[in-house]
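In this text the structure is predicted, and so the values were computed from the model without any measurement.
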Amino acid sequence: EEKVTVLREISREQAKQEIQQLFSSGRTLFYSDIAEELRLDLELVVDICRELQGSGEVKIDESAL
């Protein structure tokens with residue numbers, strides 16, 4: 001059974017805030033989880049997460065790679 005996700009069109013800043021909120025829960029999140037839960041483009045999610053990692057706001061669990 002295929003699942004269709006309708007992506008939302010929101011600003012990059014709004015997407016960044018929503019991603020930060022998800023990480024504030026303390027859960028381990030995969031890019032695909034974030035994209036699906038927030039209904040955002042995967043490429044945008046990866047880009048924002050790398051930006052957040054670069055600024056030290058989130059960290060990547062190397063064992064999950």
Side-chain angles (χ1 to χ4, degrees):
E1 179 180 315
E2 288 187 37
K3 184 177 177 184
V4 176
T5 302
V6 178
L7 299 179
R8 296 183 305 144
E9 293 287 332
I10 61 173
S11 70
R12 180 183 175 84
E13 194 54 43
Q14 178 68 30
K16 186 176 178 179
Q17 288 174 2
E18 290 185 18
I19 290 170
Q20 287 171 310
Q21 280 185 311
L22 271 185
F23 276 111
S24 71
S25 69
R27 295 188 293 161
T28 297
L29 298 163
F30 294 94
Y31 297 134
S32 57
D33 297 334
I34 298 167
E36 187 175 317
E37 195 164 325
L38 297 178
R39 296 185 359 248
L40 296 173
D41 178 68
L42 182 60
E43 190 174 327
L44 176 65
V45 168
V46 171
D47 191 44
I48 290 173
C49 287
R50 288 186 176 155
E51 180 184 320
L52 292 172
Q53 180 191 13
S55 65
E57 295 181 58
V58 300
K59 74 175 189 181
I60 303 297
D61 182 353
E62 300 297 331
S63 68
L65 297 178

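Note that CG of Leu38 and CG of Leu22 are 4.5 Å apart. Values are rounded to the nearest 0.5 Å. Between atom CZ of residue Phe23 and atom CG of residue Leu29 there is a gap of 5.0 Å, rounded to the nearest 0.5 Å.
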Return all side-chain donor-acceptor pairs below 3.5 angstrom for residues 43-50, not counting sequence neighbours, or 'none' if the list is empty.
residue: Asp47; atom: OD2; partner: Arg12; partner atom: NH1; Å: 2.8
residue: Asp47; atom: OD2; partner: Arg12; partner atom: NH2; Å: 3.0

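With sequence neighbours excluded, the residues satisfying side chain to side chain donor-acceptor pair (under 3.5 Å) with Ser55 are Glu57. The side-chain contact (heavy atoms from CB on, under 4.5 Å) test applied to Gln14 returns Ile10, Ser11, Gln17, Glu18, not counting sequence neighbours. With sequence neighbours left out, the side chain to side chain donor-acceptor pair (under 3.5 Å) criterion links Glu37 to Arg27.
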